[in-house]
There are 2 protein chains.
Amino acid sequence: MIKRLQIVEQKLQHIPREKEGLRLWLRIVSCSQMVEQEVRSMLRDKYDSTLPRFELLSALDRVPDGLSMGELSGWLMVTKGNVTGIAERLSEDGFIKRNPTPTDRRSFCVTLTPKGKKIYKEMEEDYESLLDKLFTDVSLDDSDTFTGVLAKVKEVVEELREDRE
Amino acid sequence: MIKRLQIVEQKLQHIPREKEGLRLWLRIVSCSQMVEQEVRSMLRDKYDSTLPRFELLSALDRVPDGLSMGELSGWLMVTKGNVTGIAERLSEDGFIKRNPTPTDRRSFCVTLTPKGKKIYKEMEEDYESLLDKLFTDVSLDDSDTFTGVLAKVKEVVEELREDRE
DNA sequence: AAAAACAAGTTTAATCTTAAACTAATTCCT
DNA sequence: AGGAATTAGTTTAAGATTAAACTTGTTTTT
């Protein structure tokens with residue numbers, strides 16, 4: 001059985017040395033895909049849940065006062081329509097609650113229910129220990145280098161977007 | 001208007017310094033999301049196309065003899081059912097062709113049509129110049145560090161998977 | 001050669017995702 | 001105050017994605 005790692009390397013061989021950005025990008029994507037796959041498997045097998053659901057719960061857990069649908073959309077970096085769907089299902093399962101906002105009748109304040117808090121705590125523990133395992137070999141130095149690079153790239157994207165507006 | 005960058009940083013503040021792996025992972029994810037968003041916009045606005053379509057064409061462009069559906073699935077790291085759908089739409093648009101394999105009647109050899117080759121070449125140029133722009137500030141040294149880190153993480157994931165089998 | 005095991009792709013049902021159009025509420029402008 | 005512009009969130013239509021069940025063809029085993 002051929003390893004996915006090998007496939008990616010095979011893919012990268014076709015890319016000339018000058019295009020280092022492209023090379024790096026493809027490596028980032030393939031690594032992300034693999035890690036996400038692991039996280040998804042864990043969430044599905046152990047909690048019958050998904051990554052988007054987990055991420056929404058995670059956002060709410062970090063902001064005990066709750067978030068509006070729009071804030072969730074920004075926080076998760078997905079469209080508002082997307083949040084509507086995920087929140088709907090989480091709400092049906094009783095993990096979150098959509099409270100009316102007194103000052104704005106269009107808006108909700110979404111919060112975790114006790115049930116949601118409880119399940120999230122368990123998920124979070126498994127999630128963090130999985131990532132800890134996967135990133136265990138990464139030194140603090142490398143992590144800092146990495147962080148700097150990612151920040152630069154994100155800055156460039158931000159600038160590009162601002163130019164468009 | 002609040003920047004996504006700021007939202008991510010806000011998110012990360014809640015994470016204790018010990019959990020460096022988690023921190024790094026969230027940074028990778030948010031950076032990937034932003035870059036992918038840019039690529040998607042470009043492909044949609046300029047080619048009325050999508051990233052999965054582009055990636056399938058890209059795989060075929062690099063292997064002129066063609067790939068089977070299963071090979072495409074491995075190459076793109078997605079399920080076979082997923083490939084079926086994307087290939088179907090690309091085929092309808094006349095960008096790819098599914099040729100029968102003489103030695104195995106279950107299998108196809110998928111190749112680019114001339115039309116597909118032509119459009120891919122144009123897309124590829126835009127894609128590469130976009131990534132070049134986004135990664136322009138990344139030094140070769142940093143890129144090497146990065147590559148090492150990513151390789152390590154992927155190794156760990158591979159090992160984890162092997163253990164499961 | 002027949003049965004069993006396996007492999008290549010497709011289908012299905014569910015969730016996710018997006019962009020764009022839409023509804024309803026709020027704010028801004030004059 | 002009253003109309004215009006903006007904003008919060010939903011809906012819609014189409015594609016992407018997955019896991020699991022399935023169909024058909026190939027290989028292995030006995």
Side-chain angles (χ1 to χ4, degrees), chain A residues 1-2 32-34 36-56 66-93 95-96 98-110, chain B residues 1-2 29 32-34 36-57 66-93 95-96 98-110:
Chain A
M1 166 28 176
I2 195 170
S32 298
Q33 274 180 304
M34 289 177 72
E36 274 187 7
Q37 193 53 40
E38 289 302 303
V39 177
R40 273 182 224 283
S41 296
M42 184 274 286
L43 290 173
R44 177 169 38 77
D45 296 346
K46 249 184 127 161
Y47 298 98
D48 192 26
S49 191
T50 66
L51 195 47
R53 286 166 68 102
F54 173 75
E55 280 172 348
L56 200 151
L67 292 165
S68 69
M69 299 296 275
E71 285 169 332
L72 276 169
S73 158
W75 188 287
L76 303 174
M77 295 202 259
V78 299
T79 59
K80 286 188 295 180
N82 193 352
V83 174
T84 299
I86 298 166
E88 206 165 65
R89 286 179 285 272
L90 282 171
S91 183
E92 278 165 18
D93 294 341
F95 294 140
I96 66 173
R98 296 167 21 144
N99 316 285
T101 305
T103 56
D104 190 336
R105 271 187 301 163
R106 295 167 304 177
S107 185
F108 303 100
C109 180
V110 185
Chain B
M1 171 13 183
I2 196 171
V29 170
S32 298
Q33 273 180 304
M34 289 176 72
E36 273 186 8
Q37 193 53 39
E38 288 302 302
V39 176
R40 274 182 224 282
S41 295
M42 184 275 287
L43 289 173
R44 175 172 38 78
D45 296 346
K46 251 185 127 160
Y47 298 99
D48 191 26
S49 191
T50 65
L51 195 47
R53 286 166 66 103
F54 173 75
E55 279 173 348
L56 200 153
L57 295 178
L67 291 166
S68 68
M69 300 296 273
E71 285 168 333
L72 276 169
S73 159
W75 188 286
L76 303 173
M77 295 202 258
V78 298
T79 59
K80 287 188 295 181
N82 193 351
V83 174
T84 299
I86 299 166
E88 204 164 67
R89 287 179 284 273
L90 282 171
S91 182
E92 277 165 20
D93 294 341
F95 294 140
I96 66 173
R98 297 169 19 147
N99 317 284
T101 305
T103 55
D104 189 335
R105 270 186 301 164
R106 294 168 304 178
S107 185
F108 302 101
C109 179
V110 186

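Every chain is numbered from 1 and lettered A, B, ... according to where its sequence line falls, protein lines coming before strand lines.
Nearest heavy atom pair, residue A/A87 against residue A/M69, reads CB-CE, 3.9 Å. Here the closest non-hydrogen pair linking A/G66 and A/E71 is O-OE1, 4.5 Å. Between A/I96 and A/V110 the shortest heavy-atom distance is CD1-CG1, 3.9 Å.
Using a 4.0 Å heavy-atom distance criterion, A/S68 is classed as a sugar-phosphate-only contact. Contacts of A/G81 with the nucleic acid, taken as non-hydrogen atoms under 4.0 Å apart, include base atoms.
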Sugar-phosphate or base contact per nucleotide [nucleotides 22-29 of chain D; S, B, -; heavy atom under 4.0 Å]: --BBS---
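Protein chain A contacts DNA chain C from C/dT15 to C/dT26, reading 5' to 3' and using non-hydrogen atoms of the protein with a distance under 4.0 Å.
No side-chain heavy atom of B/E55 sits less than 4.5 Å from a side-chain heavy atom of B/I86.
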Nucleotide N/O of nucleotides 13-16 of chain D paired with protein N/O under 3.5 Å:
{"residue": "D/dA16", "atom": "OP1", "partner": "B/T50", "partner atom": "OG1", "Å": "2.8"}
{"residue": "D/dA16", "atom": "OP2", "partner": "B/R89", "partner atom": "NE", "Å": "2.6"}
{"residue": "D/dA16", "atom": "OP2", "partner": "B/R89", "partner atom": "NH2", "Å": "2.5"}

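Of the inter-residue distances, the one linking A/S91 atom OG with A/F108 atom CZ reads 9.5 Å to the nearest 0.5 angstrom. In this structure, B/E88 CD and B/E92 CD are separated by 6.0 Å, a value rounded to the nearest 0.5 Å.
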Worked check of side-chain contact (heavy atoms from CB on, under 4.5 Å) between B/Y47 and B/R53: CA-CA 11 Å; B/Y47 298 99; B/R53 286 166 66 103; over 6 Å; no
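In terms of phosphate contacts, A/S107 brings no side-chain nitrogen or oxygen within less than 4.0 Å of OP1 or OP2 of D/dA8.
Atom CG of B/D45 has more than 12 neighbouring heavy atoms from other residues, nucleotides or ligands inside a 6.0 Å radius.
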